[in-house]
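Just below is one structure, and these are the notes that go with it.
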Amino acid sequence: MKKECVQIVSQREIAPAIYELVVTGQIVRYMTAPGQFLHVKVSEELEPLLRRPISICDVDQQKQTVTMLYRKEGRGTSLLSKKKPGDLLDLLGPLGSGFPTNEVASGQTALLIGGGIGVPPLYYLGKQLQQQGVSVISILGFASAADIFYEEAFRSLGEVYVSTVDGSAGTKGFVTDVLTQQLITYDGLYACGPNVMLRALQQQGVKGYISLEERMGCGIGACFACVCHVPNGASTDYVKVCSDGPVFKIGEVMI
Amino acid sequence: MKKECVQIVSQREIAPAIYELVVTGQIVRYMTAPGQFLHVKVSEELEPLLRRPISICDVDQQKQTVTMLYRKEGRGTSLLSKKKPGDLLDLLGPLGSGFPTNEVASGQTALLIGGGIGVPPLYYLGKQLQQQGVSVISILGFASAADIFYEEAFRSLGEVYVSTVDGSAGTKGFVTDVLTQQLITYDGLYACGPNVMLRALQQQGVKGYISLEERMGCGIGACFACVCHVPNGASTDYVKVCSDGPVFKIGEVMI
Amino acid sequence: MTRLSLELPGLSMKNPIMPASGCFGFGKEFASFYDLSLLGAIVLKSATKEPRFGNETPRVAETHSGMLNSIGLQNPGVDQIIAKELPPLKRYQVPLIANVAGKSEEEYVEVARKLSQQEQIAAIELNISCPNVKEGGIQFGTDARTAASLTRKVKDASKKPVYVKLSPNVTSITEMAQAVEAAGADGLSMINTLVGMVMDWKTRKPVLANKTGGLSGPAIKPVALRMIYEVAQCVSIPIIGMGGVTSAQDVIEFMLAGASAVAVGTANFVDPFACPTIINDLEAWLDKMKIESITELVEGSFKEWEVPLLSR
Amino acid sequence: MTRLSLELPGLSMKNPIMPASGCFGFGKEFASFYDLSLLGAIVLKSATKEPRFGNETPRVAETHSGMLNSIGLQNPGVDQIIAKELPPLKRYQVPLIANVAGKSEEEYVEVARKLSQQEQIAAIELNISCPNVKEGGIQFGTDARTAASLTRKVKDASKKPVYVKLSPNVTSITEMAQAVEAAGADGLSMINTLVGMVMDWKTRKPVLANKTGGLSGPAIKPVALRMIYEVAQCVSIPIIGMGGVTSAQDVIEFMLAGASAVAVGTANFVDPFACPTIINDLEAWLDKMKIESITELVEGSFKEWEVPLLSR
Ligand SMILES: Cc1cc2nc3c(=O)[nH]c(=O)nc-3n(C[C@H](O)[C@H](O)[C@H](O)COP(=O)(O)OP(=O)(O)OC[C@H]3O[C@@H](n4cnc5c(N)ncnc54)[C@H](O)[C@@H]3O)c2cc1C
Ligand SMILES: Cc1cc2nc3c(=O)[nH]c(=O)nc-3n(C[C@H](O)[C@H](O)[C@H](O)COP(=O)(O)OP(=O)(O)OC[C@H]3O[C@@H](n4cnc5c(N)ncnc54)[C@H](O)[C@@H]3O)c2cc1C
Ligand SMILES: Cc1cc2nc3c(=O)[nH]c(=O)nc-3n(C[C@H](O)[C@H](O)[C@H](O)COP(=O)(O)O)c2cc1C
Ligand SMILES: Cc1cc2nc3c(=O)[nH]c(=O)nc-3n(C[C@H](O)[C@H](O)[C@H](O)COP(=O)(O)O)c2cc1C
Ligand code: FES
Ligand code: FES
C-alpha cells in the first residue's frame with residue numbers, strides 16, 4: 001500500500017470507450033497479487049475530488065509497468081482518457097486482497113469468467129495461473145462484437161468462449177448462457193463483472209471467487225463506504241470491498 | 001464581444017512568475033482598441049469556475065495573434081501557466097472600453113505610466129500612438145531589477161524611465177517618484193497599475209486616463225461585481241469597470 | 001406545444017430554461033450574444049423601491065466549484081426599471097418574471113404592485129432570501145410566519161402570479177415552503193445562495209468587503225437538489241429549481257428531483273451562451289432518455305413511471 | 001512548546017491538526033502510512049451504544065469539489081470500541097477524542113460516560129449533527145433547547161471535556177453555539193456536513209440508497225469559514241474548525257476565522273498523507289506570515305494585530 005506519482009508510458013483506445021493505460025513507477029514492484037486494484041487520482045487539482053478504483057490488468061516487473069483497462073464513463077475516466085505519455089498519475093495501491101491463486105493446483109483447470117469491464121483483472125490472474133501450470137479457460141462477455149477487447153490476450157492463456165448480448169459474436173446472451181450451454185469442467189472458478197452476472201453465478205451455486213465493485217471513498221478501509229452484508233452472522237456484520245475484498249469466496253457476501 | 005476557443009502559439013516565462021502568452025484565432029480581428037481586456041477560461045472544467053480578466057498587450061493582425069502578459073498568482077493563472085502550444089483556450093472578448101488614442105495628436109507627446117503587471121496594456125497603446133505620429137515616453141515601475149520585463153519593447157516606442165522599489169535598477173522608489181524627479185512634459189497621460197499608484201496620480205491632479213482593476217464575475221456588465229463609486233452625482237451612481245471601463249478619465253472614478 | 005414547452009402559473013414557456021435573477025441584469029448584455037426570445041423566461045434583477053448601490057467591493061470571490069457574491073441588490077429602483085429597463089425587452093417573445101426585494105412589507109408590496117401592473121411582466125418572484133442585505137432582507141426568508149405574512153400581502157397586491165424565492169439557510173426548508181404555499185404562493189423558486197466566506201491570508205481579512213456573501217455555482221448543486229426533492233414531495237405548487245446548473249444533464253436532474261422549470265445563474269458568467277446551449281442540448285437528452293415531453297421528467301425520482309427505467 | 005503547539009481543554013497538542021471523525025476510522029489504516037504520533041490529536045469514528053451497520057450502499061457519491069456520504073454511523077458499538085479499537089492506539093503519543101452519537105439522551109450519556117472513563121480518551125466530541133441517521137440524530141443538532149439539554153447531561157456524565165459538534169443545517173448557528181456553551185460545553189466542533197443529494201439520470205433516482213447524504217470537502221469550505229467566523233465572535237469557548245480543509249493555507253484561513261484547531265476529513269480519502277503533509281507545511285507558512293506561534297492566528301480576521309498586516 002504505497003502512494004506514488006507514476007509516469008504514463010502509453011494510452012490507447014482498444015475498443016469503443018475502452019482504454020488501455022500503461023504506467024511505470026517504483027510502486028509496480030508491490031503489484032504481485034492479481035485481483036488487487038489501484039486508486040487513481042485523475043487530476044492534479046481537487047476536482048474531481050475522489051480517486052477512481054481501477055483493477056490491475058497486467059504487470060511487467062522487468063519493465064516496471066502496470067497496465068490498466070478502463071471504460072470512459074463519467075467525469076473522472078473522461079479526464080483520465082485525455083492523459084498523454086509522459087504525464088504523471090497519482091496512484092495509491094495496490095489495494096485490497098486479490099484472487100487466491102493457490103486454490104487450483106498445477107495440472108488442474110481454472111475457469112475465468114469476465115463480463116465487460118470486469119474482464120481486466122482476470123488477465124493478470126490468468127497469466128499467473130498459467131505460469132503455475134494451471135490450464136486456463138476463459139468466458140468473456142461483451143455487449144457486441146465491436147466491444148470485444150483482449151480476446152487475443154486471453155487466447156494466449158488457453159481456450160476462450162465469447163458471449164455478446166446482441167449475438168454479433170460468440171454465444172448470444174450472457175456468460176452464464178455459455179456456462180449452461182457448454183459443458184466446461186474446471187477445478188476453480190474466478191469471476192468479475194456486473195453484479196447481475198455475479199448474482200447469477202452465486203445463485204447457480206458454483207464454487208469459486210468473485211471480485212466485487214462498490215462505490216468507494218478512501219479505498220483503504222477507513223470510511224466504511226464500501227461495505228456489504230454477509231449471509232451468516234449478525235445483521236450488523238459486514239465486509240469491506242476495498243480492504244476485505246474486492247475478491248470474495250462465492251457465497252461469502254450478499255450481492 | 002465574441003467567444004472563441006483560440007489556439008496557443010507560444011508561452012514563456014519572461015521574468016519571475018511573469019508569462020507571455022501568444023494565441024491565435026478569428027477573434028483577434030476584433031481586438032483593435034488598446035486597453036480592452038480578454039476574459040479567459042483557464043480550464044475546460046468547471047474548476048476554477050470564473051474567467052480571469054487579462055489585458056490585451058499586443059496584437060498582430062497579420063498573424064492573427066494576440067499577446068497577453070500575466071503574473072502567475074493564484075489557482076487560475078497557475079493553471080494557465082501550464083498550458084502548452086497547441087492547447088486551446090476559451091476567450092471572451094475583447095471587453096470594455098479601451099484608451100482613447102485620439103486625445104493626443106500627431107507630433108504631441110504621450111506619457112505612459114505602468115506599474116508591475118499594469119504595464120502590458122500600455123504596450124499596445126504605445127504602438128498605436130507611435131503609428132499615429134505621437135511621441136511616446138514611458139515610465140515603468142517594478143519591484144526590483146529582476147522583475148523588469150518588456151523594457152526593450154517600450155524602448156522601441158520611445159524614451160523609457162524605470163523605477164524599482166529596491167533601487168536595483170533605475171530610480172529607487174515608485175513611478176510617481178520618477179514623475180516628480182524628472183521634468184517630463186507631455187500632452188496626454190495614460191496609466192495602469194496598482195490602485196495605490198493610480199490614487200497617487202489622481203491626487204497629484206494630473207490629467208489623463210487610467211485603467212482600473214476590480215474583481216469580476218461576468219466581465220460583460222451583467223453581474224454588478226465590478227462597480228466603482230463616482231465623485232459627483234448621487235450616492236447610488238456608479239460605473240462598471242468591465243463595461244464602462246476598465247479605462248476611465250482621471251478623476252472620473254473614486255479609487 | 002413542443003417537446004420542451006410547458007405551462008406554469010402566468011408563464012407559457014417554450015422550454016424550461018430561464019436565467020436566474022441577478023445573473024442576467026435586465027438582459028441587454030446577453031442580447032448582444034443571442035436572441036433572448038430563445039429563452040423559456042427571463043428573471044429580472046431584483047428591484048427595490050429606491051435605487052440602491054449595494055455593498056462595497058470586492059463583491060465577488062471564487063471558491064471551489066463556486067463563487068461568493070455580495071452585490072447587495074444594486075438596482076436603479078422600481079420606477080427606473082419600469083421606465084428604462086423594461087421597454088428594450090418588448091421586442092423579445094419571452095415571459096418576464098420580475099424579482100422583488102425590500103426591507104419592509106410595505107416596500108415589497110409597493111414594488112410588487114407596480115411591477116405586476118406592467119403588461120410586460122408575466123409573474124412576480126418574491127426574493128425573501130437575499131443573504132447580502134443587512135437590514136431585514138434575510139429574516140423574511142428564515143422565519144416561516146414572517147414569510148407567510150409577506151406572501152399574503154404581496155399576493156393581495158399583485159395582479160400576476162407570485163413565486164416565492166426560498167433561502168437555503170434554514171433548518172427546515174419544507175416548513176418555509178409549506179408556509180408560503182398556505183399563504184397563497186403560486187409557485188416556489190429555490191434555492192437562493194448559501195451564506196459563505198472567503199478568507200485572504202495576506203490581508204488576514206475576509207475577501208469580500210461585506211465579509212460574507214452568497215455561495216452559488218456547482219458547489220451548491222447537491223444542496224439545491226436535496227431541498228427541491230424534499231419540498232416537491234410536500235407542496236402542490238410548481239418549483240422553479242436552481243443552484244449550480246451548468247448543463248442539460250443538470251436540468252434533467254433538477255426536474256427529476258421535482259423542479260418544473262430551471263433557472264441558470266452563475267453559469268451565465270462562465271459562458272454567456274450557457275442558456276441557449278442548455279436549451280439546445282435538451283432535446284437530445286429526451287431522446288436518450290426515451291421521453292416524449294420534458295414535463296414527464298418532473299418529480300420523476302419519486303413518482304411512478306409508466307415506462308420502466310432504463311436498465312443500467 | 002513549539003511554534004505549532006497549543007493547549008485546548010483536555011488536549012495538549014503538538015500541532016493544530018487532527019483527522020475528523022468518520023474520516024479516519026480508528027486509525028489503523030492510516031498507521032500503515034505514517035506514525036500517528038505526528039498528529040495533533042485524533043478524532044475517532046462515532047460510537048453508539050450498540051453495533052450499527054448504518055445505511056445501505058451506495059453510501060458515497062461525488063459532487064463538484066465535494067462528496068456526499070450516508071454511512072449512517074456504522075460502528076461496532078462502544079464496548080467493542082473500548083475492547084478492540086482503543087488498545088492498538090496506546091502506542092501513539094497523541095490525544096484521542098472520542099466522538100459520541102446516539103438516538104436518545106440516555107444513549108449519548110451512557111456512551112459518553114463509558115468512553116470518558118477510558119484513560120486513553122482525552123476529550124469527548126458530542127455528535128449532535130449527523131445528517132444520516134433517521135431516528136432522532138439530526139434533531140438534537142437543529143433545536144437549541146434539545147442540544148443544550150443533551151450537552152448538560154453529557155457534561156454531567158463525562159469525566160473529560162466535552163466538545164459539541166454542530167450541524168450547519170440550521171437557520172442560526174450562533175444560537176446553537178451559544179446554547180451549548182451556556183449548557184457547559186468546553187468547546188465546539190464545526191461544521192458537520194450539509195445535507196445534499198446526487199441524482200442519477202440513468203436510474204432516475206438518487207444515487208445514494210439513503211437518498212440524501214452529507215456534503216463534505218472543498219465545496220463546503222466557504223460555509224464552514226462563515227459559520228466559524230460568526231460563532232467565534234459570540235462564544236468564548238474554543239472551536240475545532242473543519243469543512244473542506246485540504247492544505248496548510250486552508251488551516252491558516254480557518255484559524256484566522258476563529259478556529260483554535262483544525263480537523264481534516266474528506267482530504268484523508270484523497271490523499272492518505274493529507275494530515276502529515278499539512279502539518280509539515282505549517283511552519284513555512286508561519287515564516288511567510290512572519291508569525292511566531294500558530295496560536296497568534298486564532299481569530300486573526302477580527303482581532304487587532306500588534307504587528308501590522310503585510311502590505312499587498
Ligand atoms: C475494485 C474495483 C475495481 C475496478 N476496476 C475497474 C477496471 O479495471 N476498469 C474499469 O473501467 N472500471 C473499474 N472499476 C469501476 C470504476 O471504478 C468506475 O467505472 C469509475 O470509478 C467511474 O468513474 P467515472 O469518473 O467514470 O464516473 P463518475 O460517474 O464521474 O464517478 C462518480 C463517482 O462514482 C464512483 N463510481 C462510479 N461508477 C462506479 C463503479 N462502477 N464502481 C465503483 N465506483 C464507481 C466513482 O469512483 C466516483 O467516485 C472498478 C471498481 C472497483 C470498485
Ligand atoms: C481589466 C483587468 C485587466 C487585467 N489585466 C491583467 C494582465 O494583463 N495581466 C495580469 O497578470 N493580470 C491582469 N489583471 C489581473 C488578473 O485578472 C488577476 O491577477 C487574476 O484574475 C488572478 O487570478 P488567479 O487565478 O491568479 O488568482 P486567484 O486568487 O485564484 O483568483 C481568485 C479570483 O479573484 C480574482 N482576482 C484575483 N486578483 C484579481 C485582480 N487583481 N483583479 C481582478 N480579479 C482578481 C480572479 O479573477 C478570480 O476570480 C487584470 C485585471 C483586470 C480587472
Ligand atoms: C452575482 C449574483 C447576483 C445575484 N443576485 C440576485 C438577486 O438580485 N436576486 C435574487 O433573487 N437572487 C440573486 N442571486 C441568486 C441567483 O438568482 C440564484 O438563486 C443562485 O445564484 C443559485 O443559482 P446558480 O448556482 O445557478 O447561480 C444572485 C446570484 C449571483 C451569483
Ligand atoms: C465518510 C464520512 C464519514 C463521516 N462520519 C462522521 C461521523 O461518524 N461522526 C461525525 O461526527 N462526523 C462524521 N463526518 C463528518 C466529518 O467529521 C466532518 O465534519 C465533515 O466531513 C467536514 O469536513 P471535511 O470537509 O474535511 O470532510 C463524516 C464525514 C465523511 C466524509
Ligand atoms: S472505500 Fe473506504 S472503507 Fe472501503
Ligand atoms: S464583472 Fe459583471 S458587471 Fe462587471
Side-chain angles (χ1 to χ4, degrees), chain C residues 61 63-68 141-143 167-172 194-206 211-213 215 217-230 244 246 249-250 252-257 285 288-289 297 300-303 305 309-312, chain D residues 61 63-68 141-143 167-172 194-206 211-213 215 217-230 244 246 249-250 252-257 285 288-289 297 300-303 305 309-312:
Chain C
T63 71
H64 289 280
S65 296
M67 67 175 279
L68 287 187
T142 55
D143 179 62
S167 165
N169 303 291
V170 295
T171 305
S172 172
L194 284 161
V195 186
M197 173 179 279
V198 170
M199 193 64 76
D200 184 339
W201 70 267
K202 286 186 196 154
T203 61
R204 300 179 197 169
K205 298 274 175 215
K211 297 187 178 82
T212 62
L215 181 62
I220 69 168
K221 197 183 108 180
V223 176
L225 277 173
R226 185 267 296 186
M227 290 189 164
I228 292 165
Y229 180 85
E230 284 177 358
T246 64
Q249 184 180 326
D250 289 340
I252 304 288
E253 293 175 12
F254 273 68
M255 296 185 82
L256 288 172
W285 272 92
K288 190 161 159 179
M289 296 184 78
L297 286 173
S301 61
F302 54 88
K303 75 170 185 198
W305 284 85
L309 303 182
L310 297 184
S311 60
R312 288 208 68 169
Chain D
T63 71
H64 288 280
S65 297
M67 66 176 280
L68 287 187
T142 53
D143 179 62
S167 167
N169 303 292
V170 294
T171 305
S172 172
L194 285 161
V195 187
M197 175 178 279
V198 170
M199 194 64 75
D200 184 340
W201 69 267
K202 286 187 196 156
T203 61
R204 301 179 197 170
K205 298 274 173 212
K211 298 188 178 80
T212 63
L215 182 62
I220 69 168
K221 198 184 107 180
V223 175
L225 277 173
R226 183 268 297 185
M227 290 191 164
I228 292 165
Y229 180 84
E230 284 178 359
T246 65
Q249 184 180 326
D250 289 339
I252 304 289
E253 292 174 15
F254 273 67
M255 296 184 82
L256 288 171
W285 272 91
K288 190 161 160 180
M289 296 184 76
L297 288 172
S301 61
F302 54 88
K303 74 171 188 198
W305 285 85
L309 303 184
L310 298 185
S311 61
R312 290 208 66 170

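The figures that follow rest on heavy atoms only: side chains count, while hydrogens, waters and symmetry mates do not. Just so we're on the same page: letters track the sequence lines, and every chain starts at 1.
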- request: Report the distance from atom CH2 of D:W201 to atom NZ of C:K288, rounding to the nearest 0.5 Å.
  value: 4.5 Å

task: Taking all non-hydrogen atoms of both residues into account, name the closest pair between D:V198 and C:L225 and its distance.
output: CA-CD1, 4.5 Å

- prompt: Between atom CD of C:E230 and atom CE of D:M197, what is the distance when rounded to the nearest 0.5 Å?
  reply: 7.5 Å

- request: Grab the two heavy atoms, one from C:D200 and one from D:L256, that are nearest each other, plus how far apart they are.
  value: O-CD1, 4.4 Å

- request: State which residues pass side chain to side chain donor-acceptor pair (under 3.5 Å) with D:T246; sequence neighbours excluded, sorted by chain then number.
  value: D:D250

statement: For C:V170 and D:T171, the nearest pair of non-hydrogen atoms, with its separation, is CA-OG1, 3.2 Å

- request: Please check if the side chain of D:R226 supplies one atom and the backbone of C:V195 the other of a donor-acceptor pair under 3.5 Å.
  value: yes

message: Quick check for you: to the nearest 0.5 Å, what is the distance between D:H64 atom NE2 and C:I220 atom CD1?
response: 12.0 Å

field: Residue selection (most heavy-atom pairs with chain D, distance under 4.5 Å) from C:P168, C:A61, C:S65, C:A219
entry: C:S65

task: Hey, could you give me the CG/CE distance between D:N169 and C:M227, rounded to the nearest 0.5 Å?
output: 7.0 Å

message: Using only atom types and a distance under 3.5 Å, with no angle test, would you say the side chain of D:S301 pairs donor to acceptor with the backbone of C:P206?
response: no

query: Distance from D:R204 atom CZ to C:K303 atom NZ, nearest 0.5 Å?
result: 9.0 Å

- prompt: Checking heavy atoms, do the side chain of D:I252, its backbone, both or neither come under 4.5 Å from chain C?
  reply: side chain

